[in-house]
Q: 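I'd like to ask some things about the structure below.
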Amino acid sequence: MFEEERFTTAMLGRANCSLKPDKKLLNSKFEQYKYTSGREHEITYRTLKHKPHRTKPPDSDFSYQMSRTSCLFNHLIVPPKGGEYYYISHNEEEHSYILVDATTDTELARFQNQEKLIFNISAIWIGSETLALCIGTHLYLLSISSTSVKQTSEQKLDFQCLLLGSFKRDETIHLVLCYRTDNVFVHQVVKQNDSGKFEVTTAIRQSGIARFVAVRGDMLTMISEGKLLVPQPQPEEPEQPAEVPVPVPRESEEEKNYTWTQTLEDVDVSIELPSGILKSDLIIEIGHDSLEVRTKGGQELFKSKLFSKVEPKESTWHMSSDKKRVEVVLTKYQEAHNWAYLVDTPHYDPAGNLLGEISDLSEEELRGMMRRMESLNEYTSDKVDKSPLYTPHPDLEECDELDGQQVLLSSFSLDPAKQLSLVELSPGTLLFSDSDRGFVVSHSVDACYYEVESEASPPWLHASTFHAFNMVQATKTQKKYIVTDPDRKYAAIVDITRHVYIYSSAGGAATHGKLLVMTLDNSDDSEILGVFPRTESIVLLTEKYLITIKFSL
């Protein structure tokens with residue numbers, strides 16, 4: 001699909017800002033939501049002639065994140081201007097996928113596809129009349145007007161991709177997509193060339209998939225789970241070493257028998273072994289702040305206190321395939337703590353720093369930077385890890401939950417590719433995203449809505465608050481979708497098969513908000529596959545119906 005050597009990779013730096021709410025938009029006097037009985041709502045059901053295709057979790061060869069993405073995918077495709085509702089249906093006998101207008105039961109387009117296992121189907125609008133559709137490893141562009149639907153482009157990909165965002169620059173179409181390979185999620189910005197094919201302009205590698213993507217001008221903002229994977233420099237553009245004094249290390253280069261690197265979660269130490277050493281000859285002792293590697297014969301290969309604490313029980317080691325080195329993977333006691341050096345000496349080792357260039361910082365400045373990184377976690381409580389802020393889909397086993405997976409909020413310039421902002425958040429912080437307009441994160445019991453603004457620094461602004469919503473959504477054990485209307489007058493929780501909960505919290509210092517509960521006539525427990533919120537209505541897609549709920553707040 002896209003050759004890796006053509007990547008222009010966005011280099012990943014250290015955390016450099018925070019995500020703090022506007023205190024004026026918080027309300028400490030808010031007490032609860034009151035159920036509003038007497039408010040009538042109207043529910044209409046439209047039977048579907050075509051059965052919506054439900055994306056299913058992939059097999060065990062794929063990660064939990066990909067499975068969750070498949071389960072929680074919103075199958076309802078709605079143009080930006082609204083009015084029409086589309087979905088994808090699958091004809092297994094004809095090996096085809098069909099784009100269907102749900103409001104008229106009209107077949108708009110048909111795509112032949114012989115792939116046996118398709119676990120990714122995604123769609124994204126480019127403006128109001130162009131739809132990008134990815135079915136398995138096929139990427140289509142459709143021009144959709146009130147009178148016709150025309151396929152304008154098709155491209156075969158090497159991987160099954162998820163479409164995450166789109167934008168136009170100088171009338172050229174750009175897409176943001178993601179695929180998984182070798183346990184790495186590659187997020188790419190691709191642009192359409194003169195021949196109609198897409199080529200890569202930017203690639204960002206992470207251990208987790210993006211949950212939110214927005215492009216404003218020349219800036220890409222994304223929220224993803226997992227650690228940042230720092231790429232190697234481009235060979236044709238080697239980095240020039242900074243001309244700063246480098247402290248003399250304790251060991252000379254001739255004596256140094258190890259190398260080390262780090263990620264946000266681990267420190268990897270590679271230690272040379274004398275010839276003839278077997279795995280059974282080694283004794284590896286990993287302490288809370290120390291590492292010792294020696295042979296049973298008493299030969300010391302490595303022994304030192306470490307820069308910071310580690311988790312001995314979660315750390316591992318193994319011999320390299322050529323039997324010449326022992327590889328020790330130390331799990332950091334504190335995630336995202338940037339180690340300035342490996343061994344406890346009064347200097348730092350720039351060779352081990354893969355979280356950002358720090359060779360121009362003094363030791364005092366470096367430690368101050370790390371203290372600021374640690375303080376970022378004050379945004380959310382450690383209790384978030386222990387509370388049920390995310391309930392897994394019933395198709396996923398509870399043991400598949402990500403344990404302490406980090407959440408990263410990042411912004412990148414696209415031309416040239418460079419990271420601008422990075423915030424490290426606690427697990428469970430991201431509650432939901434609002435298309436590409438904004439995202440909602442937890443703050444104590446509240447849920448804070450942030451809009452993406454290219455002119456702001458950092459490029460997101462706290463725009464509104466859903467009071468106590470973080471607390472109430474945590475009680476919904478069957479929730480599947482969380483959405484907000486275009487005017488952010490309410491937030492809605494849609495469960496798997498039957499209920500819709502509407503929460504509206506008045507502004508100012510009001511002590512109570514309104515709660516509406518709608519129960520669907522869904523006796524066969526047909527699963528809800530999609531949702532689209534409007535100002536005073538909400539549209540649902542199930543396996544059998546297109547449902548419209550009208551209500552008044």
Q: Just checking, is any N or O donor in the side chain of Y140 or Q155 under 3.5 Å from an acceptor N or O on the other one?
A: no

Q: Under 30°, 30 to 60°, or over 60°: which ring-plane class applies to F167 and H174, parallel, tilted or perpendicular?
A: parallel

Q: Stepwise, does the side chain to side chain donor-acceptor pair (under 3.5 Å) test hold for S195 with N193?
A: CA-CA 5 Å; S195 64; N193 58 29; 2.7 Å; yes

Q: Verify, without hydrogens or angle tests, whether Q473 (side chain) and N470 (backbone) share a donor-acceptor contact under 3.5 angstrom.
A: yes

Q: Once rounded to the nearest 0.5 Å, what's the spacing between atom CZ of R534 and atom CG of D487?
A: 11.5 Å

Q: Where do I77 and Y85 land on the side chain to side chain contact (heavy atoms under 4.5 Å, CB included) test, with the steps shown first?
A: CA-CA 6 Å; I77 305 171; Y85 303 97; over 6 Å; no

Q: If you apply the rule side chain to side chain contact (heavy atoms under 4.5 Å, CB included), what do you find for L133 with I135, and how did you get there?
A: CA-CA 6 Å; L133 181 62; I135 301 177; 3.9 Å; yes

Q: Rounded to the nearest 0.5 Å, what separates atom CD1 in I223 from atom CG in L409?
A: 5.0 Å

Q: Using a 4.5 Å cut-off on heavy atoms from C-beta on, say whether the side chain of E94 contacts that of R110.
A: yes

Q: Are any side-chain N or O atoms of H138 and backbone N or O atoms of L157, one a donor and one an acceptor, separated by less than 3.5 Å?
A: no

Q: Apply the test side chain to side chain contact (heavy atoms under 4.5 Å, CB included) to residues L19 and W460: give CA-CA distance (whole Å), side-chain angles for both, the deciding distance (0.1 Å), then the verdict.
A: CA-CA 9 Å; L19 190 67; W460 42 76; 3.3 Å; yes

Q: Verify side chain to side chain contact (heavy atoms under 4.5 Å, CB included) between L546 and L48, making sure each step is shown before the conclusion.
A: CA-CA 7 Å; L546 182 69; L48 302 175; 4.0 Å; yes

Q: Hey, are K156 and T137 close enough side-chain-wise for a donor-acceptor pair under 3.5 Å?
A: yes

Q: Over 60° means perpendicular and under 30° means parallel, so tell me whether F466 and F432 are parallel, tilted or perpendicular.
A: tilted

Q: Is there a side-chain contact between F185 and S224, using heavy atoms and a 4.5 Å cut-off?
A: no

Q: Has the side chain of T542 got a donor or acceptor atom that lies under 3.5 Å from a matching backbone atom of K544?
A: yes

Q: Has the side chain of D322 got a donor or acceptor atom that lies under 3.5 Å from a matching backbone atom of K324?
A: yes

Q: Does one side chain, of T103 or E84, offer a donor that lies under 3.5 Å from an acceptor on the other?
A: no

Q: Are L131 and I124 side-chain neighbours, meaning at least one heavy-atom pair lies under 4.5 Å?
A: no

Q: Donor-acceptor pair, distance only, cut-off 3.5 Å: does the side chain of S526 make one with the backbone of E543?
A: yes

Q: Would the distance check show the side chain of T152 and the main-chain N or O of L141 forming a donor-acceptor pair, the cut-off being under 3.5 Å?
A: yes

Q: At their closest point, which heavy atom of G196 faces which heavy atom of S153, and how far apart are they?
A: O-OG, 3.4 Å

Q: Any side-chain heavy atom of T548 sitting closer than 4.5 Å to one from I43?
A: no

Q: Classify the ring geometry of H53 against Y97: parallel below 30°, tilted from 30° to 60°, perpendicular beyond 60°.
A: perpendicular

Q: If you compare all heavy atoms of D521 against all heavy atoms of Y45, which two are closest, and at what distance to 0.1 Å?
A: N-OH, 2.7 Å

Q: Could you point out which residue of V328, V269, T331 forms a side-chain contact (heavy atoms from CB on, under 4.5 Å) with S315?
A: T331

Q: State plainly whether the residues E451 and R488 are in salt-bridge range, i.e. N to O under 4.0 Å.
A: yes

Q: Quick one: pull up SG in C178 and CZ in F159 and give me the separation to the nearest 0.5 Å.
A: 11.5 Å

Q: Could you walk me through whether E327 and S270 pass the side chain to side chain donor-acceptor pair (under 3.5 Å) check?
A: CA-CA 5 Å; E327 311 289 347; S270 180; 3.1 Å; yes

Q: Find the distance between CZ (F111) and CD1 (I88) and round it off to the nearest 0.5 Å.
A: 6.0 Å

Q: Evaluate the criterion ring pair (Phe, Tyr, Trp, His ring centres under 6.0 Å) for residue pair H75 and Y87; output intermediate values, then yes/no.
A: CA-CA 6 Å; H75 293 68; Y87 65 91; 9.7 Å; no

Q: Quick check against the 3.5 Å criterion: does S96 have a side-chain atom that pairs as donor or acceptor with the backbone of Q112?
A: no

Q: Report the residues that fulfil side chain to side chain contact (heavy atoms under 4.5 Å, CB included) with H499, sequence neighbours left out, ordered by chain and then residue number.
A: D495, Y501, T519

Q: Is the backbone of V329 close enough, under 3.5 Å, to the side chain of W317 for a donor and an acceptor to pair up by distance?
A: no

Q: In Å and rounded to the nearest 0.5 Å, what is the CZ to OG distance from F412 to S421?
A: 9.5 Å

Q: Could you grab the distance from atom CG of D170 to atom NZ of K191, nearest 0.5 Å is fine?
A: 9.5 Å

Q: Please report the closest heavy-atom contact between Y481 and G530, naming both atoms and the distance.
A: OH-N, 3.7 Å

